[in-house]
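Structure first, commentary second.
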Number of protein chains: 2
Amino acid sequence: MATVARDAGVSVATVSRIVNGKIGRASAETIARVEEAIARLSYRPNSVGRALRHRASRVVAMLAPNLDNPAMAAIAVSVESALRDAGYVMILCDTHDRAELQDDYLRAMRDQLVAGYVMVSAVRSKGLEETLKRGDPTVFVARRNPLGGGAYVGIDNRQAGADVADFLLGCGIERPAVLMAQQNASSTSERAAGFIERLVARGVPNDAIRRAIGPGLSHIEIGYAAAGMLVREGGWPRGALCVSDMIAYGAYRLAVEHGVPIPQRCRLVGVDGNAINAWIAPWLTSIRIPYESFGGHVVAQLQSLWSGVSTSEVHVAHEAPSAWSNPGAPARPATGAG
Amino acid sequence: MATVARDAGVSVATVSRIVNGKIGRASAETIARVEEAIARLSYRPNSVGRALRHRASRVVAMLAPNLDNPAMAAIAVSVESALRDAGYVMILCDTHDRAELQDDYLRAMRDQLVAGYVMVSAVRSKGLEETLKRGDPTVFVARRNPLGGGAYVGIDNRQAGADVADFLLGCGIERPAVLMAQQNASSTSERAAGFIERLVARGVPNDAIRRAIGPGLSHIEIGYAAAGMLVREGGWPRGALCVSDMIAYGAYRLAVEHGVPIPQRCRLVGVDGNAINAWIAPWLTSIRIPYESFGGHVVAQLQSLWSGVSTSEVHVAHEAPSAWSNPGAPARPATGAG
DNA sequence: CTGAAAGCGCTTACAG
DNA sequence: CTGAAAGCGCTTACAG
């Protein structure tokens, strides 16, 4: 910047103003000279100097568990792209769903003077509490703030669960089961709750709804284990809600091992609608969550926080349960007929 | 830091030295006092101030196309974790395989004073040329430097292709085909080349090897399209190399639509060995690339570059073609018997 | 309309 | 063994 200033015969203050578009009645001639110097020297403002001065960078931290999950990857892609359009870049932190790692990252990100935090499926932790208390701009995605309150982007999980209940009942499956995780996140437990509530409301006896709860953190293994428990304690159900697509994948593997045809013998309904399903999981019905639209909402929430506007939860609409459809064609909503 | 200094009754220079462990014969008493102050005030050094002074941050930029590809996600996870262990954080830039976006990011990352670049499947571009000319620490992953030279981490793609040729021949499939992408990356074109070379070397007439080349950027759609071309021009082959798992997924979809049983009627062999295959793609044989080990190699390469040591290419060993195996159990290498 | 100066948080020769 | 001072690249009240 000093070089540009010298080259253009002005002060660095002037260069700074012009670079930042703060040209309240600046002389057109000066502007031209400076811009010419900038171009000639191919000068680019240094983000770090700027960040130090502002005490905030144009970097946003995204903390997420396991990118291995296609749903997480989809969120990351979407948020990254939306941030970029808004002039920010994203540091990706893989927390593996572990509180200590989350806190390590939270600290490291603070040292980076990040402009905000995107917490995907955050877990409760000391550091999260402090971040929130400090008032740092934070938006929660997919899983609500475990400490309550705060900006949030996600679907109405209870409704999604209810939709699956309606769908399975509509398929003539009168005693569907539910496969879920032991470590309960708000999102998946709400799906299960909404599912069960609706079944009960429609006349299914509460104790006729079989619940299988798999241990661990990996949803795919949870699905495999939960399906195993379910089958051991009473055979394959005719249909089941898997609270995430990954859980459905795990259950599928067991079905293949048992030679149980899916979906003919047991209809599995997942939640996420991973893009890959349309290619290699013709057997899966899933509630699609439009993760590709999450980025825009997350950035809007952040911008509200930055400008001091209070934010509320954003509920993105999910889609009806649907299965296999033609590539390129719009998703074919499954009719109740199964 | 000034606060800590005041609190401990020393200068900021002293605090800085102690924070950075530069305690050449420092008085133990001073150290204790400073550390106590640091703890009391829960002081943490500011990365941005540090970066400005050093003119280099502890941030590494990773530029990758489409995280939607599980292989890319696996690389991102691995690199992120290895960087973290080395005290760095990772900015993730999704280039969508487009040169202009890659250049935008390269510029933005330079402004961030990133310590290095991890280019996953980079494309040739002006900005890449400049970055390299400038001598910025850069390591290429999966796809070689399109401009030649440079640090690289990946498998021996030619050998992988040859292995698939041996495998298919060993299955008694005498006229296997190959499905590949039009936009040729070094990695996938080397796989195809190694495959064909080996087939020819083992007596398959060159013009008996059917090659299907799909257009576009999305490997899954490339696979679908390429399979379509292949089938239209001579029916389903008895076996094929798909130069990536995603391409195999695309081909699989067409097979399902055609009612062609995979692998009985047509054995598909992919490359990547995505973790998900073991759960929902029992029909796929794949060469597994141990992406989980890439992070360590990438960081080692970067550290060499930082310390001015010249680096060479790192070739990670891939695994033999294998299919469906028990979860938790070691991958069962497929025998030639099919 | 523009410049001089202070300061964001840190590090590092240079003195002492 | 430790401190005063300069400087990394930028922004912004304050003067003029």
Side-chain angles (χ1 to χ4, degrees), chain A residues 1-38 41-59 87 89 107-115 136 306, chain B residues 1-38 41-59 87-89 107-115 306:
Chain A
M1 184 174 259
T3 317
V4 172
R6 209 171 312 122
D7 191 278
V10 297
S11 72
V12 292
T14 300
V15 175
S16 172
R17 285 191 204 101
I18 289 174
V19 163
N20 292 294
K22 296 206 194 305
I23 24 180
R25 54 197 180 276
S27 97
E29 194 225 354
T30 309
I31 295 178
R33 236 178 31 247
V34 170
E35 280 176 344
E36 201 262 333
I38 287 174
L41 303 168
S42 61
Y43 162 81
R44 307 208 80 223
N46 179 307
S47 313
V48 174
R50 204 172 255 183
L52 183 56
R53 177 63 228 226
H54 281 142
R55 317 177 93 236
S57 66
R58 299 281 279 184
V59 176
V89 295
R107 265 191 296 276
M109 292 304 103
R110 193 186 174 202
D111 302 341
Q112 295 282 346
L113 301 181
V114 295
D136 293 351
W306 289 327
Chain B
M1 182 173 259
T3 318
V4 172
R6 209 172 313 124
D7 192 278
V10 297
S11 72
V12 292
T14 300
V15 176
S16 173
R17 286 191 203 99
I18 289 173
V19 162
N20 293 294
K22 297 206 194 304
I23 26 182
R25 59 205 172 274
S27 97
E29 193 224 354
T30 310
I31 296 178
R33 234 177 31 246
V34 170
E35 280 176 344
E36 201 260 334
I38 286 173
L41 303 168
S42 61
Y43 162 80
R44 306 209 82 220
N46 179 309
S47 313
V48 175
R50 203 172 256 182
L52 184 56
R53 177 64 228 227
H54 280 144
R55 318 177 91 236
S57 67
R58 299 283 277 184
V59 175
Y88 290 78
V89 295
R107 264 191 295 276
M109 292 304 103
R110 193 183 174 206
D111 302 340
Q112 295 282 345
L113 301 182
V114 296
W306 290 327

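For the numbers below, each heavy atom of this structure counts, side chains included, while hydrogens, waters and symmetry mates do not. Chain letters run A, B, ... following the sequence lines, proteins first, then strands; residues in each count from 1. Bear in mind the structure is a predicted one, so any value in this text is a computation, not a measurement.
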*Choosing from C:dT11, D:dT2, D:dT12, which nucleotide comes nearest the side chain of A:H54?*
D:dT12

*Consider the side chain of B:A13, meaning its heavy atoms from C-beta on, and name the nucleotide among C:dT2, D:dG3, D:dG9 that approaches it most closely.*
D:dG3

*Using the P atoms only, state how far D:dT11 lies from D:dA15, rounded to an integer number of Å.*
22 Å

*Side-chain contact test, heavy atoms from C-beta onward, threshold under 4.5 Å: evaluate it for A:R50 versus A:V19 and give yes or no.*
yes

_Spacing of A:N46 atom CG relative to D:dC10 atom P, expressed in whole Å_ = 5 Å

*asked:* How many whole angstroms separate atom CE of A:M1 from atom P of D:dC8?
replied: 14 Å

_Whole-Å gap separating P (C:dC10) and CD (A:Q112)_ = 13 Å

_Which nucleotide in D:dC10, C:dT11, C:dC8 has an atom nearest any side-chain atom of A:L52_ = C:dC8

*Looking across every strand, which nucleic acid part, if any, lies under 4.0 Å from A:S16 by heavy atom: base, sugar-phosphate, or nothing?*
base

*Provide the distance between the two C1' atoms, one in D:dT12 and one in D:dG16, to the nearest whole Å.*
16 Å

*Donor-acceptor pair under 3.5 Å: do we get one between B:R17's side chain and the base of D:dG3?*
yes

*Measure from the side-chain N and O atoms of A:R33 to the backbone N and O of A:A8, and report whether any donor-acceptor pair falls under 3.5 Å.*
yes

_Over all strands shown, is B:T30 touching base, sugar-phosphate only, or nothing at heavy-atom distances under 4.0 angstrom?_
sugar-phosphate

*Tell me which of A:I31 and A:V12 sits closer to the 5' end of DNA chain C, going by the nucleotide each one is nearest to.*
A:I31

*Round to the nearest Å and state the distance from B:L113 atom CG to D:dC8 atom P.*
13 Å

*Kindly say whether A:V48 contributes a backbone atom to a donor-acceptor pair with the side chain of A:N46 at under 3.5 angstrom?*
yes

*Can you tell me how far C1' of C:dC10 sits from CZ of B:R53, to the nearest Å?*
8 Å

_Does the structure show a Watson-Crick or G-U wobble partner for D:dA13, both distances under 3.5 Å? Name it, or say none._
none

_Integer-rounded Å distance: D:dC10 P and A:I38 CD1_ = 10 Å

_Strictly by Watson-Crick or wobble contacts shorter than 3.5 Å, is anything paired with C:dA4, and which nucleotide is it?_
none

*Can you check the B:K22 NZ to D:dT2 P distance for me, whole Å?*
16 Å

*Whole angstrom is fine here: how far is it from CZ in B:R110 over to P in D:dG9?*
12 Å

*Give a yes/no on whether any side-chain N or O of B:S11 is located under 4.0 angstrom from OP1 or OP2 of D:dT2.*
no

*Of A:T14, A:I38, A:I18, the residue whose pairing with A:V4 passes side-chain contact (heavy atoms from CB on, under 4.5 Å)*: A:I38

_Does D:dT11 have OP1 or OP2 under 4.0 Å away from a side-chain N or O of A:R50?_
yes

*Touch check for B:V10, heavy atoms < 4.0 angstrom, all strands: base, sugar-phosphate only, or nothing?*
sugar-phosphate

*Under a 4.5 Å cut-off applied to non-hydrogen side-chain atoms, are B:Q112 and B:V59 in contact?*
no

*Is there a donor-acceptor pair under 3.5 Å between the side chain of B:D7 and the backbone N or O of B:T3?*
no

_Measuring to OP1 and OP2 of D:dT11, would you say a side-chain N or O of A:N20 lies under 4.0 angstrom away?_
yes

